[in-house]
Student: 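Structure in structure tokens, see below.
Just so it is clear, the values below take in all heavy atoms, side chains as well, and ignore hydrogens, waters and symmetry mates. All residue numbers in this chain count up from 1 along the given sequence.
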Amino acid sequence: MRLRETAPTWVPVSLDPGASWVEALKWGTYALVFVAAAALARRRGILWGLGLVFASSVAAAFSTIGHGLLGATKVFHVYEPLFAPAPWHVGPLINPNNLSGYLTLGSLAGLGLLLTRRAGVPGWLVGLGVATNVGVNVTAASRAGAIALPIGVLILGVAVERRRRAGKDDGAVDIRVARLLVAAAVGGGLVLALLGATTETWRELWDQNIEKLSATRWVVPLLREHAWVGVGRGAFESVFPAYREAPGNLVFTHAESFPVDWAAGWGFPIAVAALGAFAWALRRRAVGAHRSISAAAGWAGIIALLV
């Protein structure tokens with residue numbers, strides 16, 4: 001007996017179409033923000049962009065400090081997280097890794113302003129903001145953030161040294177003054193971190209648990225079975241439990257590595273093409289990091305954030 005059923009006219013590639021539509025909306029929003037930011041950068045210049053990122057990161061840092069001082073359990077006394085955040089972890093960015101990443105980006109933007117004579121902002125004020133960012137960054141107890149920040153500072157230091165040897169004058173402060181300013185800002189932040197850190201902070205920073213990194217290894221079977229078109233962007237959370245090796249109810253919403261996450265969602269062909277375009281767009285000359293120290297600072301912050 002034959003079942004007289006018509007074949008579907010189309011089927012979704014995603015294994016979780018609803019989640020993929022949500023991700024499509026997110027990425028569409030990202031694209032609009034990117035276009036708006038690019039237009040403002042062309043109109044206002046790099047220093048205006050660095051100032052905006054730096055100011056917003058300092059606002060996030062002070063907001064986190066304020067929540068900690070008040071012992072707040074709700075963000076701005078409105079949103080109550082579904083989990084119980086650790087002390088001094090409540091603020092606009094509840095996830096410690098997200099907070100640390102944004103503060104790292106803001107710290108490098110601040111250093112870019114600090115090293116530029118044309119910034120138009122008092123150096124002591126910028127230095128105080130950078131120190132605050134660094135202090136809150138450490139107390140956020142993000143192990144990745146603790147590694148990424150010095151990487152960004154190192155990249156910026158190499159850029160400053162290269163420009164000094166090339167004898168280029170792009171409005172940057174004298175190299176000896178630059179070293180002193182960076183050391184004072186970052187060192188001041190570390191002092192603030194030492195004063196504000198608790199036993200719980202150091203326990204989190206020295207935590208030896210690397211289960212999150214194991215997620216990358218667990219994704220290998222998923223990648224093997226869905227190599228060409230992936231499981232669909234946003235479908236990782238609902239599909240990954242079938243491949244996860246660790247017991248328990250812990251939910252992984254992403255692969256803990258954005259290249260692996262892209263490959264899982266889109267498949268290898270699109271992921272490789274996207275990563276290649278991403279790398280091409282972020283190369284040093286494309287963002288003007290070879291022309292000015294302020295652009296180099298922004299570029300170093302992006303690289304540190306990606307790390």
Student: Where do Thr104 and Ala304 come nearest, in terms of heavy atoms and distance?
Tutor: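 Taking every non-hydrogen atom into account, CG2-CB, 3.8 Å.
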Student: When you measure from the side chain of Asn97 to the backbone of Ser142, do you find a donor-acceptor pair of N or O atoms at a distance under 3.5 Å?
Tutor: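 Not a single qualifying donor-acceptor pair exists.
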Student: Using every non-hydrogen atom in the two residues, find where Gly188 and Ala131 come nearest and quote the distance to one decimal.
Tutor: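 That would be C-CB, 4.0 Å.
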Student: On a heavy-atom basis, which atom in Ile94 and which in Pro81 lie closest, and how many Å separate them?
Tutor: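 Reported closest heavy-atom pair: CD1-CG, 3.6 Å.
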Student: Quick check on the hydrophobic clustering: are Leu128 and Val134 connected, directly or via other members, by side-chain heavy-atom contacts under 4.5 Å?
Tutor: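 No, Leu128 does not connect to Val134 through the hydrophobic network.
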Student: Which heavy-atom pair separates Pro17 from Ser14 by the least distance, and what is that distance?
Tutor: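 Distance-wise, the nearest heavy atoms are N-OG, 3.6 Å.
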Student: Mark yes or no for whether Ser100, through its side chain, and Pro96, through its backbone, hold a donor-acceptor pair below 3.5 Å.
Tutor: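 Between the backbone of Pro96 and the side chain of Ser100 there is no qualifying donor-acceptor contact (under 3.5 Å).
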Student: Just distance, no hydrogens or angles: give the donor-acceptor pairs under 3.5 Å from side chains in residues 268-285, sequence neighbours left out.
Tutor:
from, atom 1, to, atom 2, distance (Å)
Arg283, NH1, Trp280, O, 2.6
Arg285, NH1, His290, NE2, 3.3

Student: Counting C-beta onward and ignoring hydrogens, is there a side-chain heavy-atom pair between Leu114 and Leu111 closer than 4.5 Å?
Tutor: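 The answer is yes; the side chains approach within 4.5 Å.
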Student: Do Val260 and Val220 belong together in a cluster built from hydrophobic side chains that touch within less than 4.5 Å?
Tutor: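 Each belongs to a different hydrophobic cluster.
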Student: Is any side-chain heavy atom of His77 closer than 4.5 Å to one of Leu70?
Tutor: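 Side chain of Leu70 against side chain of His77, heavy atoms only: no contact under 4.5 Å found.
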Student: Should Leu125 and Leu113 be counted in the same cluster of Ile, Leu, Val, Met, Phe, Trp and Tyr side chains packed under 4.5 Å apart?
Tutor: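 Same cluster.
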Student: Keeping the roles fixed (side chain from His89, backbone from Asn95), state whether a donor-acceptor pair exists under 3.5 Å.
Tutor: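 No, His89 side chain to Asn95 backbone: no donor-acceptor pair under 3.5 Å.
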Student: I need the full list of salt bridge (charged side-chain N to carboxylate O under 4.0 Å, His left out) pairs touching residues 28-47, with sequence neighbours left out, sorted by first then second residue.
Tutor: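 Qualifying pairs: none.
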Student: Honestly curious: do Leu93 and Ile65 fall in one hydrophobic cluster under the side-chain, below-4.5 Å linking rule?
Tutor: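 Yes, one cluster joins them.
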Student: Provide the closest heavy-atom pair for Ala300 versus Leu108 in the form atom of the first, atom of the second, distance.
Tutor: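 Heavy atoms only, the tightest pair is CB-CD1, 4.0 Å.
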Student: Is it the case that atom CH2 in Trp48 sees more than 12 heavy atoms from other parts of the structure closer than 6.0 Å?
Tutor: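 Counting neighbours around CH2 of Trp48, more than 12 heavy atoms of other residues, nucleotides or ligands fall under 6.0 Å, so yes.
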Student: What are the two closest heavy atoms between Gly112 and Ala297, and how far apart are they?
Tutor: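 Reported closest heavy-atom pair: CA-CB, 3.3 Å.
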Student: Drop me the distance from Leu105's CG to Ile303's CD1, to the nearest 0.5 angstrom.
Tutor: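 One gets 11.0 Å once the value is rounded to the nearest 0.5 Å.
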Student: Checking Thr253 now: which residues fulfil side-chain contact (heavy atoms from CB on, under 4.5 Å) with it, not counting sequence neighbours?
Tutor: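 Thr253 satisfies side-chain contact (heavy atoms from CB on, under 4.5 Å) with Glu237, Val251 once adjacent residues are dropped.
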Student: Name all residues meeting the side-chain hydrogen bond (donor to acceptor under 3.5 Å, both in side chains) criterion together with Thr64; count only those two or more places apart in sequence or in a different chain, and write none if there are none.
Tutor: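 By the side-chain hydrogen bond (donor to acceptor under 3.5 Å, both in side chains) rule, Thr64 matches no residue at all.
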Student: In Å, rounded to the nearest 0.5 Å, how long is the span from OG1 of Thr139 to CG of Leu103?
Tutor: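 The CG atom of Leu103 is 8.5 Å from OG1 of Thr139, to the nearest 0.5 Å.
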Student: Calculate, to the nearest 0.5 Å, the distance between atoms CH2 and CD1 belonging to Trp299 and Ile46 respectively.
Tutor: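 That separation rounds to 13.5 Å.
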Student: Please collect all salt bridge (charged side-chain N to carboxylate O under 4.0 Å, His left out) contacts where either partner lies in residues 16-39, sequence neighbours excluded, each pair once.
Tutor: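 Listed by first then second residue: Glu23-Lys26, Glu23-Arg233.
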Student: Pick from Trp27, Phe236, Trp228: which one makes a ring-ring contact (aromatic ring centres under 6.0 Å, His included) with Trp266?
Tutor: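 Answer after filtering Trp27, Phe236, Trp228: Trp27.
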Student: Using the side-chain contact (heavy atoms from CB on, under 4.5 Å) definition, which of the options Val158, Val160, Val153 pairs with Leu156?
Tutor: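 Exactly one candidate clears the test, Val160.
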Student: Would you list the atom pairs, donor with acceptor, under 3.5 Å between side chains in residues 53-61 and any protein atom, with sequence neighbours excluded?
Tutor:
from, atom 1, to, atom 2, distance (Å)
Ser56, OG, Leu52, O, 3.0
Ser56, OG, Val53, O, 2.9
Ser56, OG, Tyr102, OH, 2.5
Ser57, OG, Val53, O, 3.3
Ser57, OG, Phe54, O, 2.7
Ser57, OG, Asn133, ND2, 2.9

Student: Just do the side chain to side chain contact (heavy atoms under 4.5 Å, CB included) check on Val219 and Phe240 with the steps written out, would you?
Tutor: CA-CA 8 Å; Val219 176; Phe240 183 62; 3.8 Å; yes
Student: Should Val287 and Phe34 be regarded as members of a common hydrophobic cluster, given that ILVMFWY residues are connected when their side-chain heavy atoms come within less than 4.5 Å of each other, either directly or indirectly?
Tutor: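 Hydrophobic grouping puts Val287 apart from Phe34.
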Student: Do Trp10 and Pro12 have side chains that approach each other closer than 4.5 Å (heavy atoms only, starting at C-beta)?
Tutor: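 They are in side-chain contact.
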